[in-house]
There are 2 protein chains.
Amino acid sequence: MEPAANVLDLNQLRRSCSSCALYELCLPAGIGVDDLDRLDATVKDKRALDRGDMLYREGDPFEALYVVRSGALKTFVQNEAGDVQILGFHLPGEILGFDALATNLHVSQAEALERSSICELPYAKLQQVTSEVPALHRQLMRVISREVVEEHRHLVMMGRQQAQEQLASFLRSLADRYQRLHRDGSALNLPMSRYDIANYLGLVVETVSRLFSRMEEMGVLQVNRKSVRILRPELLAALCRSDAAPRRKDAG
Amino acid sequence: MEPAANVLDLNQLRRSCSSCALYELCLPAGIGVDDLDRLDATVKDKRALDRGDMLYREGDPFEALYVVRSGALKTFVQNEAGDVQILGFHLPGEILGFDALATNLHVSQAEALERSSICELPYAKLQQVTSEVPALHRQLMRVISREVVEEHRHLVMMGRQQAQEQLASFLRSLADRYQRLHRDGSALNLPMSRYDIANYLGLVVETVSRLFSRMEEMGVLQVNRKSVRILRPELLAALCRSDAAPRRKDAG
DNA sequence: CGTCGTTTTGACACGTTTCAAGTATAGTGG
DNA sequence: CCACTATACTTGAAACGTGTCAAAACGACG
């Protein structure tokens, strides 16, 4: 394991997985030191992305899985009409690219929200290693499953929650993930725009903006542009539940 | 529902995959006759489900993939508060159970909407066969990918479309799938309740009911309870697009 | 320092939900 | 088989939340 306080300390980020400060978060989590070396060898040179750069586009051939090393990305789909729907935001330690596992073609797109660096796991090599290291295979499956569960959460959010509940859920989810990164989960620095948040939740920008203001008035948050401080976590948690204004959208 | 030239003719449904009238729709599609026999041997006794019966529940161990042989099912997730969100409806020839692939535990639930019969593909055996028959493995992947794409469509529908556009899209999707079954795509017999449709789309029953009425007034549909006839397919297609009332929910 | 894109705020319109009632339908037991 | 009840579906009127349009404030950046 890595020294102490800040796992994100860039000085500690070196080339190999075995010394990757995020290693307990991504694929190698729970893998023995010896096996780590094997995985290490499959990681290709990291890629650096600027804000707006695409990691992959729809239709791109499946070449690798990607782990966010630093920065943040969004993934989205685009229909014929050009409408964009953001599927998710991806923070350091999180893995992208599963969408191409089935067809060998990406069916969604990934774009950097800010300057980011990426670990590339060429799938051909990865496949070879996973077949030899069962523990890694299990870990890969575990990560894919998180993806599926996350998609379900997204659907429930959009289908059953009101705007305010949605935003509260969204912020809590972000806070949780920040904490897993050993960062302060109560002082978020949002890498995405209000437009992105709105799109992700199926709302318009104005609504999101108003909700931030309202939650600030309520004393739940302290908002300043991209910087959001959670002042009353327990209240934020309460806002996620719809018992205050129960909708009866349940199936018969 | 048993006319002669009907692929669903139960008389033609026999025990084995090679004579399964739906075989071009499910897993064996595109598999050679010889390999079909091998898959055939892995199919366990079919299960019969009554309306309301559960095929699997959240937390159930992953034992098999299931192919709908006749009837229809719905899959859904349920959050802590008990809120249900329907993920999809499954018609004959369609496969369920992928949600457990990663954790070996089901994370969603499947319930029969009407009397249904199910092909069970025990995963242990299936895995063995797929490892020996690469074509089957590819086909399995292709099917999983459809699942992912379908989830994305669901998200776009909920996030970007208005109620009427959603219902139109939903009906078109159903019609398409009916046609693939060689059934009349313009005379739908909805296996799910209005509550189910509403839940799936993130609406309330009343809204769905009103929309059916409105679309009937417009001359697009002829609705009688579960039976829906599509009178003007081109109009229905037009209703899916939001250019009539463009919302600007796009990401910046 | 001016321009551009992002964010915020306000007033208003509209779609969807809510609440309430009524009608059809299917399932059940006599 | 019919009557009866529970459930599913429909319809109306009103309330509410979110979208729309417009404009201003703010910050980033050349």
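Below, chains carry the letters A, B, ... as their sequence lines are ordered, and counting in each starts from 1.
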I'd like a table of atom pairs between the protein and nucleotides 28-30 of chain D - only N or O on both sides, under 3.5 Å - with the distance next to each one.
none

Indicate whether any N or O donor in one side chain lies under 3.5 Å from an N or O acceptor in the other, for [X] and [Y].
| X | Y | value |
| --- | --- | --- |
| A:His106 | A:Asp60 | no |
| A:Asn189 | A:Ser227 | no |
| B:Thr75 | B:His90 | yes |
| A:Arg160 | B:Gln85 | yes |

Exercise for the section: Anything under 30° is parallel, anything over 60° is perpendicular, the rest tilted; go ahead and classify A:Tyr200 against A:Phe170. Expected result: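 Rings of A:Tyr200 and A:Phe170: tilted, 30 to 60°.
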
Name the pairs: protein N/O against N/O of nucleotides 11-14 of chain D, kept only if under 3.5 Å.
from: D:dT11; atom 1: OP2; to: B:Ser213; atom 2: OG; distance (Å): 2.4
from: D:dG12; atom 1: N7; to: B:Arg210; atom 2: NH1; distance (Å): 2.8
from: D:dG12; atom 1: O6; to: B:Arg210; atom 2: NH2; distance (Å): 3.3

Return the value, rounded to whole Å, for the distance between atom [atom1] of [X] and atom [atom2] of [N].
| X | N | atom1 | atom2 | value |
| --- | --- | --- | --- | --- |
| A:Asn199 | D:dG19 | CG | P | 12 Å |
| B:Arg160 | D:dG19 | CZ | P | 10 Å |
| A:Glu165 | D:dG17 | CD | C1' | 12 Å |
| A:Met192 | C:dT7 | CE | C1' | 16 Å |
| B:Gln162 | D:dG19 | CD | P | 10 Å |
| A:Ile197 | C:dT7 | CD1 | C1' | 11 Å |
| A:Leu203 | C:dG15 | CG | P | 18 Å |
| B:Glu114 | C:dA26 | CD | C1' | 15 Å |

Practice task
Name the closest nucleotide to the A:Val204 side chain, picking from C:dT16, D:dC9, D:dG19.
Solution key: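 Among the listed nucleotides, the one closest to the side chain of A:Val204 is D:dG19.
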
Handout entry: Nearest-nucleotide pick for B:Ser193, side chain only, options being D:dC9, C:dT7, C:dT16
Key =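 Of the options given, the side chain of B:Ser193 lies nearest D:dC9.
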
Problem - B:Glu234 bridged to B:Arg232 by N-O distance under 4.0 Å - result: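 Salt bridge between B:Glu234 and B:Arg232, a charged N being under 4.0 Å from a carboxylate O: yes.
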
Handout entry: 5' precedence on DNA chain C between A:Val223 and B:Ala163 (nearest-nucleotide basis)
Key =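 The residue whose closest nucleotide sits nearer the 5' end is A:Val223.
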
Practice task
Would you indicate, yes or no, if C:dT6 has its OP1 or OP2 atom less than 4.0 angstrom from a side-chain nitrogen or oxygen of A:Lys226?
Solution key: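 Checking A:Lys226 against C:dT6: no side-chain N or O falls below 4.0 Å of OP1 or OP2.
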
Handout entry: Partner set under side-chain hydrogen bond (donor to acceptor under 3.5 Å, both in side chains) for B:Gln164, not counting sequence neighbours
Key = B:Arg214

Exercise for the section: Find the distance between OG (B:Ser193) and NZ (B:Lys226) and round it off to the nearest 0.5 Å. Expected result: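 With rounding to 0.5 Å, OG (B:Ser193) is 5.5 Å from NZ (B:Lys226).
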
Exercise for the section: Enter the distance from A:Arg47:CZ to A:Cys119:SG here, rounded to the nearest 0.5 Å. Expected result: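 Interatomic distance, A:Arg47 CZ to A:Cys119 SG, rounded to 0.5 Å: 12.0 Å.
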
